[in-house]
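Report on one structure; see the data block that follows.
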Amino acid sequence: LKGKIEDQSNQIKGLLDNMDSAVFAIGSNFKVLPPVSKYSETLFGIDIVGKKVSDFLFTNIKKGTKEYRNLVTVFSIIFSGDEIQYFGVSDNLPKKVTLPDENQDRGKTLKLSYSPFFNKDELLEKLMCTAEDITESEEYLKKAEEDQVNFNFMNEILNMENKEDISKKLEISLNGLFDL
């Protein structure tokens with residue numbers, strides 16, 4: 001039995017260590033509980049076990065702000081409540097955060113998802129959090145949206161009948177701007 005438990009523990013650790021997502025559990029004191037995925041240290045640059053989530057995950061939310069008070073309130077409600085309370089306020093948990101990053105000017109964008117673990121009394125015992133780095137895909141999405149706007153402008157101009165009138169109005173507008 002002990003051998004089977006160790007074997008299953010090693011398999012779970014292997015799964016966690018080979019993911020490209022940070023997986024960790026948050027306790028009722030808002031601190032990270034072991035085990036955590038190996039990628040967590042790569043993503044956050046520190047060993048997060050025992051650290052408060054406000055110190056590494058929600059650093060963009062400043063203490064004293066309304067957003068911070070709302071976050072603390074949500075965590076307080078879910079950790080003192082049952083499944084109904086969790087699902088009632090879980091939509092208020094941050095789904096996306098941006099962390100400072102030395103390698104990127106805009107920082108690192110993380111997509112967050114949560115899974116609750118309830119104890120035998122059906123109260124939330126811990127909250128599993130999965131953090132995925134979506135910085136690159138966010139940049140592609142932003143570029144695609146900009147390209148779509150530019151396409152719509154060009155399409156609108158191409159569909160107009162009197163292009164000569166448009167060019168004269170554009171010239172007048174540009175001259176006015178230069179004069180200004």
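In this text the structure is predicted, and so the values were computed from the model without any measurement.
In this structure a side-chain-to-backbone donor-acceptor pair under 3.5 Å is present from Thr135 to Thr109. Between the Asn159 side chain and the Asn155 main chain, a donor and an acceptor come within less than 3.5 Å of each other.
Closest of all the heavy-atom pairs between Ala25 and Lys126 is CB-CD, 4.0 Å. Nearest heavy atoms, Lys51 versus Ile46: CE-CD1, 4.0 Å. In plain terms, the two heavy atoms of Val23 and Met128 that are nearest each other are CG1-SD, 3.9 Å. Across all non-hydrogen atoms, the minimal contact from Ala131 to Phe44 is CB-CZ, 4.2 Å. When all heavy atoms of Arg69 and Gly64 are compared, the closest pair comes out as NH1-O, 2.8 Å. Of all non-hydrogen atoms in Val36 and Phe24, the two that sit nearest each other are CG1-CB, 3.5 Å.
One distance of note links NZ of Lys108 with CD of Glu136; it measures 13.0 Å at 0.5 Å rounding. Taken to the nearest 0.5 Å, the CG atom of Leu123 stands 12.5 Å off from the CD1 atom of Ile78. One distance of note links CZ of Phe118 with CD of Glu83; it measures 4.5 Å at 0.5 Å rounding. Put simply, CZ on Phe58 and NZ on Lys63 are 13.5 Å apart, with the number rounded to the nearest 0.5 Å. Expressed to the nearest 0.5 Å, how far CD1 of Ile48 lies from CZ of Phe56 amounts to 4.0 Å. Taken from OG1 in Thr42 to CG in Asp133, the straight-line distance is 11.0 Å, to the nearest 0.5 Å.
With sequence neighbours left out, the side-chain contact (heavy atoms from CB on, under 4.5 Å) criterion links Asp55 to Lys52.
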*Decide yes or no on side-chain contact (heavy atoms from CB on, under 4.5 Å) for Asp121 and Asp82, but give the supporting numbers first.*
CA-CA 9 Å; Asp121 298 325; Asp82 59 9; over 6 Å; no
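Looking only at side-chain heavy atoms (C-beta outward), Leu57 and Leu112 come within less than 4.5 Å of each other. Looking only at side-chain heavy atoms (C-beta outward), Leu1 and Ile5 come within less than 4.5 Å of each other. With a 4.5 Å cut-off on side-chain heavy atoms, Ile61 and Ser54 do not count as touching. The closest side-chain heavy-atom distance from Val32 to Val53 is below 4.5 Å. Side-chain contact between Ile77 and Tyr86 is absent, with no heavy-atom pair separated by less than 4.5 Å. With contacts defined as side-chain heavy-atom distances shorter than 4.5 Å, the pair Phe79/Asn29 does not qualify.
Residue Phe87 is grouped with residue Val89 when hydrophobic side chains (ILVMFWY) are merged at heavy-atom distances under 4.5 angstrom, including chains of intermediate members.
A donor-acceptor contact under 3.5 angstrom links the side chains of Asn152 and Gln148, judged on distance only. Judged by distance alone, the side chains of Ser37 and Ser40 do bring a donor and an acceptor atom under 3.5 Å apart.
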Listed pairs under 3.5 Å, donor-acceptor, residues 91-99 side chains, sequence neighbours left out:
| residue | atom | partner | partner atom | Å |
| --- | --- | --- | --- | --- |
| Lys95 | NZ | Ser90 | O | 3.1 |
| Lys95 | NZ | Leu93 | O | 3.2 |
| Lys96 | NZ | Glu138 | OE1 | 3.4 |
| Lys96 | NZ | Glu138 | OE2 | 3.2 |

Could you list the donor-acceptor pairs under 3.5 angstrom formed between side-chain atoms of residues 170-180 and any protein atom two or more places apart in sequence or on another chain?
| residue | atom | partner | partner atom | Å |
| --- | --- | --- | --- | --- |
| Ser173 | OG | Lys169 | O | 3.0 |
| Asn175 | ND2 | Glu171 | O | 3.3 |

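Classification of the Phe75-Phe30 ring pair by plane angle, with boundaries at 30° and 60°, yields perpendicular.
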